[in-house]
A.B. asks: 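Before anything else, here's the structure in question.
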Amino acid sequence: MKLNTPKQMDGAYHPLNSSPVGPRAGQRTLIPLGAYSQGILGMTLIEMLVAVAVGSLILMVVALVFMNSTRAFAAVSNYVSMDSDSRNALDHMTQEIRQAGNLIAFSPTRLKFGYRAQTNSFLVFNWDATSSQLTEWNTADTTTNILLKGCDQLAFSLYNASFSPTTNCAQGKGISVSWTCSRTILGSKCTTEDMQQALIVIRNKPL
């Protein structure tokens, strides 16, 4: 007695006594599972393009956030550095001018003092627009000290004993100084300017 079992033909299972060309009406054909899995795992070209576009958009947003954060951090660092340099330069100038001798020469960008009543010794403060530097030159020890770098603008003003503007060195009693400094971020100057202004009295000069 034969058992009614299916036979495998050409990779597909057919019931017993069925034609290999195709199943008859009312009969079912058994198809291997691997035939479906091969078509499901693939990606179409449109799906791949959409995935690449979404990934590129995400990377662009991350890059923009990183650049903005870097610029903000650099701006804060520049502000702190400029404020510290400006305060140190102003404190040093104030101390030296108060202890200096008579004012010998004056211009909006240059001051020349007799250095603490020493003969043939001078103290010179000079701003160079080309190098954007404020320097101090002391002939007593022939040294040049750079007080400020990146100084875009600087102006000295002279005042007499009643604090009225004057250009006469003999009448000068107070000196006003103001400057503007800046730093660059990625090669461009932006939101990094700092301005200092002060009035310094020449204490060793009588009224």
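Heads up: numbering here begins at 1 and tracks the sequence. Below, all heavy atoms of this structure are taken into account, side chains as well, without hydrogens, waters or symmetry copies.
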A.B. asks: Would you find a donor on one side and an acceptor on the other, under 3.5 Å apart, between the side chain of Asp83 and the backbone of Tyr79?
C.D. replies: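 Here the side-chain-to-backbone pair does not exist.
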A.B. asks: Keeping Ser56 on the side-chain end and Val52 on the backbone end, is there a donor-acceptor pair under 3.5 Å?
C.D. replies: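 At least one qualifying donor-acceptor pair exists.
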A.B. asks: CD of Glu136 to CD1 of Ile146: how many Å apart, nearest 0.5 Å?
C.D. replies: 11.5 Å
A.B. asks: Drop me the distance from Lys173's NZ to Phe163's CZ, to the nearest 0.5 angstrom.
C.D. replies: 8.0 Å
A.B. asks: Which heavy atom of Ile104 sits nearest to which heavy atom of Gly114, and what is that distance?
C.D. replies: CD1-N, 3.7 Å
A.B. asks: May I ask you to decide if Met82's main-chain N or O and Ser86's side chain share a donor-acceptor pair within less than 3.5 Å?
C.D. replies: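 Yes: the side chain of Ser86 pairs with the backbone of Met82.
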A.B. asks: Salt bridge between Asp91 and Arg87, side-chain N to carboxylate O under 4.0 Å?
C.D. replies: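 Looking at Arg87 together with Asp91, the answer is no, because their closest N to O distance does not fall below 4.0 Å.
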A.B. asks: Can you find a heavy atom in the side chain of Phe125 that is under 4.5 Å from one in the side chain of Glu96?
C.D. replies: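 Yes; the side chains approach each other to less than 4.5 Å.
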A.B. asks: Say you draw a straight line from CG of Asp128 to CG of Leu154; how long is it, rounded to the nearest 0.5 Å?
C.D. replies: 11.0 Å
A.B. asks: Do Thr167 and Leu158 come close enough that some side-chain heavy atom pair is under 4.5 Å?
C.D. replies: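 A side-chain contact is absent here, since even the closest heavy-atom pair is not under 4.5 Å.
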A.B. asks: Test Val177 against Leu111 for side-chain contact (heavy atoms from CB on, under 4.5 Å), laying out the working first.
C.D. replies: CA-CA 11 Å; Val177 56; Leu111 300 175; over 6 Å; no
A.B. asks: Answer whether the closest heavy-atom distance between the side chains of Leu90 and Trp179 falls below 4.5 Å.
C.D. replies: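 In short, these two side chains touch, coming nearer than 4.5 Å.
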A.B. asks: Could you measure the distance from the OG atom of Ser182 to the CG atom of Asp152? Nearest 0.5 Å is fine.
C.D. replies: 3.5 Å
A.B. asks: When rounded to the nearest 0.5 angstrom, what is the spacing between CD1 in Ile175 and CD1 in Ile97?
C.D. replies: 4.5 Å
A.B. asks: Would you find a donor on one side and an acceptor on the other, under 3.5 Å apart, between the side chain of Ser84 and the backbone of Val80?
C.D. replies: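 Judged by distance alone, no pair lies under 3.5 Å.
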A.B. asks: For atom CD of Gln153, decide whether the heavy atoms of other residues, nucleotides or ligands shown that lie under 6.0 angstrom number more than 12.
C.D. replies: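 No, because the 6.0 Å sphere around CD of Gln153 holds 12 heavy atoms or fewer from other groups.
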A.B. asks: Please report the shortest heavy-atom distance between Ser176 and Tyr159, naming the atom on each side.
C.D. replies: CB-CE1, 3.5 Å
A.B. asks: Which atoms form the tightest heavy-atom contact between Ala89 and Leu148, and what is the distance?
C.D. replies: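 The answer is CB-CG, 3.8 Å.
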A.B. asks: What I want to check is whether the side chains of Thr166 and Asn160 have a donor and an acceptor closer together than 3.5 Å.
C.D. replies: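 No - no donor-acceptor pair under 3.5 Å links their side chains.
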A.B. asks: Grouping I, L, V, M, F, W and Y whenever their side-chain heavy atoms are under 4.5 Å apart, do Val65 and Leu57 come out in a common cluster?
C.D. replies: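 They do not share one cluster, since no chain of ILVMFWY contacts under 4.5 Å joins Val65 to Leu57.
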A.B. asks: Would you find more than 12 non-hydrogen atoms of other residues, nucleotides or ligands less than 6.0 Å from Met195 atom CE?
C.D. replies: yes
A.B. asks: Taking the side chain as every heavy atom from C-beta outward, state whether Asp85 and Arg183 have any pair of such atoms under 4.5 Å apart.
C.D. replies: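 Yes. Closest side-chain heavy atoms under 4.5 Å.
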A.B. asks: Which heavy atom of Phe156 sits nearest a heavy atom of Met93, and at what distance?
C.D. replies: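 Minimum heavy-atom separation between Phe156 and Met93: CE2-CE, 3.7 Å.
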A.B. asks: About how many Å separate CD of Gln196 and OG1 of Thr180, when rounded to the nearest 0.5 Å?
C.D. replies: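 One finds 9.5 Å between OG1 of Thr180 and CD of Gln196.
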A.B. asks: Which heavy atom of Leu123 sits nearest to which heavy atom of Ala100, and what is that distance?
C.D. replies: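 Of all heavy-atom pairs spanning Leu123 and Ala100, the closest is CD2-CB, 4.5 Å.
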A.B. asks: Atom CD1 of residue position Ile46 - does it have more than 12 heavy atoms of other residues, nucleotides or ligands inside 6.0 Å?
C.D. replies: no
A.B. asks: Could you go through the side-chain contact (heavy atoms from CB on, under 4.5 Å) check for Asn126 and Trp137 one step at a time?
C.D. replies: CA-CA 8 Å; Asn126 183 66; Trp137 180 48; over 6 Å; no
A.B. asks: Where the side chain of Thr139 meets the backbone of Phe122, is there a donor-acceptor pair that is under 3.5 Å apart?
C.D. replies: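 Confirmed, Thr139 side chain pairs with Phe122 backbone.
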